[in-house]
Amino acid sequence: MENKEIIKMESVKKKFYVGKPNELTILKGISLSVKKGEFISIVGESGSGKSTLMNILGALDKPTEGSYILDGLNMQNVPDDMLSTIRNKKIGFVFQTFNLISRSSALSNIELPMLYAGVNSKERRQRATELLDKVGLSERAEHMPNELSGGQKQRVAIARAMANNPSIILADEPTGALDTKTGEMVMELFHMLHEQEGKTIILITHNPKLAKETDRIITISDGLIVDEEEGERNGV
């Protein structure tokens, strides 16, 4: 595993309604570094600032103060119109609610990020087919999301996150809508991507049991990192 930092945040603050009487500071000075190929979890109660932090990590938003370097790029200097390109190429998103396009087949959902990236149709189809096979759903290629179980939907969503071969996978409560057994299966997929493909994975979760499966657990409370400990898989 390389020791290169893929994420470096220093004194990141995020404020809303800046300069107004109801100004809110959600992140109060977050400093965080993540090495390439690391699997970390970020845990915290509702309202702790996890979602705001995730939005900044995922280049969906920018800090109000502080610096965020993503894979060598200073995100403060990136024009807004370039953010979507960076997200599409560098980050794969997996959400609790799957976020699949309901009128598109499993295969077409996986092709979508490649379509935005300008990949030709033959390559898109080939890559999407390979990814569907990797998550064990080859026989569901033409099924619509409403014909899939929750676990199958999440596996399609993970395959879609991998479409453009991003360096980072950002998973927000990826097992939150699934039963325990299905959730374990989804976690095994993340472990496979981490161990076999060297992906950097950031798991945002309420679940301490899932957090323990990662290399490092970062706890956030009231907009600050309050604890950092090794997970049970560190060094495995």
Side-chain angles (χ1 to χ4, degrees), residues 2-97 99 113 116 161 164 166-174 176 199-208 211 214-231:
E2 291 178 50
N3 280 333
K4 182 190 164 212
E5 282 174 341
I6 196 164
I7 281 171
K8 185 152 185 69
M9 281 188 163
E10 287 191 353
S11 307
V12 163
K13 293 185 180 179
K14 183 62 187 179
K15 300 179 181 182
F16 294 93
Y17 318 117
V18 177
K20 297 182 178 169
N22 56 341
E23 181 175 298
L24 268 179
T25 304
I26 304 296
L27 299 181
K28 299 173 180 174
I30 297 274
S31 294
L32 169 69
S33 66
V34 181
K35 291 186 174 72
K36 192 172 172 59
E38 199 176 5
F39 188 171
I40 72 161
S41 50
I42 295 174
V43 297
E45 301 293 323
S46 271
S48 61
K50 280 199 320 286
S51 299
T52 305
L53 178 58
M54 191 200 89
N55 286 342
I56 293 173
L57 284 167
L60 295 159
D61 203 353
K62 286 184 174 181
T64 313
E65 293 174 30
S67 75
Y68 175 31
I69 311 291
L70 171 65
D71 207 8
L73 275 176
N74 186 335
M75 298 306 288
Q76 294 294 79
N77 300 336
V78 173
D80 289 349
D81 59 354
M82 269 184 65
L83 285 176
S84 60
T85 306
I86 288 166
R87 282 196 301 272
N88 194 32
K89 291 192 172 168
K90 289 188 182 291
I91 303 167
F93 292 91
V94 180
F95 299 99
Q96 178 175 345
T97 49
N99 287 14
Y116 292 141
N164 288 328
S167 321
I168 300 167
I169 296 175
L170 203 49
D172 186 15
E173 298 283 1
K199 297 295 173 195
T200 305
I201 302 178
I202 300 173
L203 172 73
I204 287 144
T205 182
H206 279 99
N207 187 331
T214 65
D215 297 331
R216 191 159 52 109
I217 305 163
I218 289 155
T219 304
I220 180 171
S221 177
D222 197 24
L224 288 165
I225 290 173
V226 293
D227 193 28
E228 198 172 314
E229 59 184 310
E230 287 190 354

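Along the sequence shown, residues are numbered consecutively beginning with 1.
Remark: the backbone N or O of S11 is paired with a side-chain donor or acceptor of S31 at under 3.5 angstrom. Within the 3.5 Å criterion, the main-chain N or O of N88 finds a donor-acceptor partner in the side chain of N164. Remark: the backbone N or O of G19 is paired with a side-chain donor or acceptor of E23 at under 3.5 angstrom. In this structure, R216 contributes its side chain and E230 its backbone to no donor-acceptor pair below 3.5 Å. Proximity of a side-chain donor or acceptor of D215 to a complementary backbone N or O of F39 within less than 3.5 Å is detected. S221 places no side-chain N or O within 3.5 Å of a backbone atom of S48 that could act as its donor or acceptor partner. A donor-acceptor contact shorter than 3.5 Å links the side chain of Y68 to the backbone of L57. No donor-acceptor pair under 3.5 Å is formed between the side chain of K35 and the backbone N or O of K4. Formation of a donor-acceptor pair under 3.5 Å by the T214 side chain with backbone atoms of I40 is not found in this model.
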For the pair I169 and I202, evaluate side chain to side chain contact (heavy atoms under 4.5 Å, CB included) and give the outcome as yes or no after the intermediate values.
CA-CA 6 Å; I169 296 175; I202 300 173; over 6 Å; no
Evaluation steps, side chain to side chain contact (heavy atoms under 4.5 Å, CB included), between I69 and E5:
CA-CA 9 Å; I69 311 291; E5 282 174 341; over 6 Å; no
Test side chain to side chain contact (heavy atoms under 4.5 Å, CB included) on L83 and K62 and set out the steps.
CA-CA 10 Å; L83 285 176; K62 286 184 174 181; 4.0 Å; yes
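Y116 OH: 12 or fewer foreign heavy atoms inside a 6.0 Å radius. Residue E45 qualifies as open at atom CD: its count of foreign heavy atoms under 6.0 Å is 12 or below.
With contacts defined as side-chain heavy-atom distances shorter than 4.5 Å, the pair P208/V43 does not qualify. Side-chain contact between I42 and M54 is absent, with no heavy atoms from C-beta onward closer than 4.5 Å. Residues I7 and L70 form a side-chain contact, since some pair of their non-hydrogen atoms from C-beta on lies under 4.5 Å apart. With contacts defined as side-chain heavy-atom distances shorter than 4.5 Å, the pair L32/I225 qualifies. Under the 4.5 Å side-chain criterion, counting only non-hydrogen atoms from C-beta, F16 is not in contact with N22. Inter-residue side-chain proximity for P166 and I168 is flagged as unmet; no heavy-atom pair is nearer than 4.5 Å. Contact annotation: the side chain of M75 never approaches that of P63 to less than 4.5 Å [non-hydrogen atoms, C-beta and beyond].
How far CG of N55 is from CG of D61: 6.0 Å, rounded to the nearest 0.5 Å. We find the CG-CG distance between L224 and L27 to be 8.5 Å, quoted to the nearest 0.5 Å. Here the CG atom belonging to L73 is positioned 6.5 Å from the CE atom belonging to M82, to the nearest 0.5 angstrom. Atom-to-atom distance recorded for I220:CD1 and S51:OG is 9.5 Å, nearest 0.5 angstrom. Atom CG of D71 sits about 6.0 Å away from atom NZ of K36, to the nearest 0.5 Å. Atom CD1 of I6 sits about 12.0 Å away from atom OG of S33, to the nearest 0.5 Å.
Across all non-hydrogen atoms, the minimal contact from T200 to G37 is OG1-N, 2.8 Å. Between S67 and V12, the shortest heavy-atom distance links the atoms O-CG2, 3.4 Å. In terms of heavy atoms, A59 sits closest to R87 at O-NH1, 2.6 Å. The heavy-atom pair separating V94 from A161 by the smallest distance is CG2-CB, 3.7 Å. A pairwise comparison of heavy atoms in A211 and I217 identifies O-CG1, 3.4 Å as the closest pair. The shortest non-hydrogen separation linking L60 to F93 is CD1-CE2, 3.9 Å.
Here E65 does not pair with K14 in a salt bridge; the nearest charged N to carboxylate O distance is not below 4.0 Å. Ionic pairing of E10 and K8 is present here: one or more N-O contacts between side-chain nitrogen and carboxylate oxygen are shorter than 4.0 angstrom.
Counting only N and O atoms by type, the side chains of N99 and T97 include a donor and acceptor under 3.5 Å apart.
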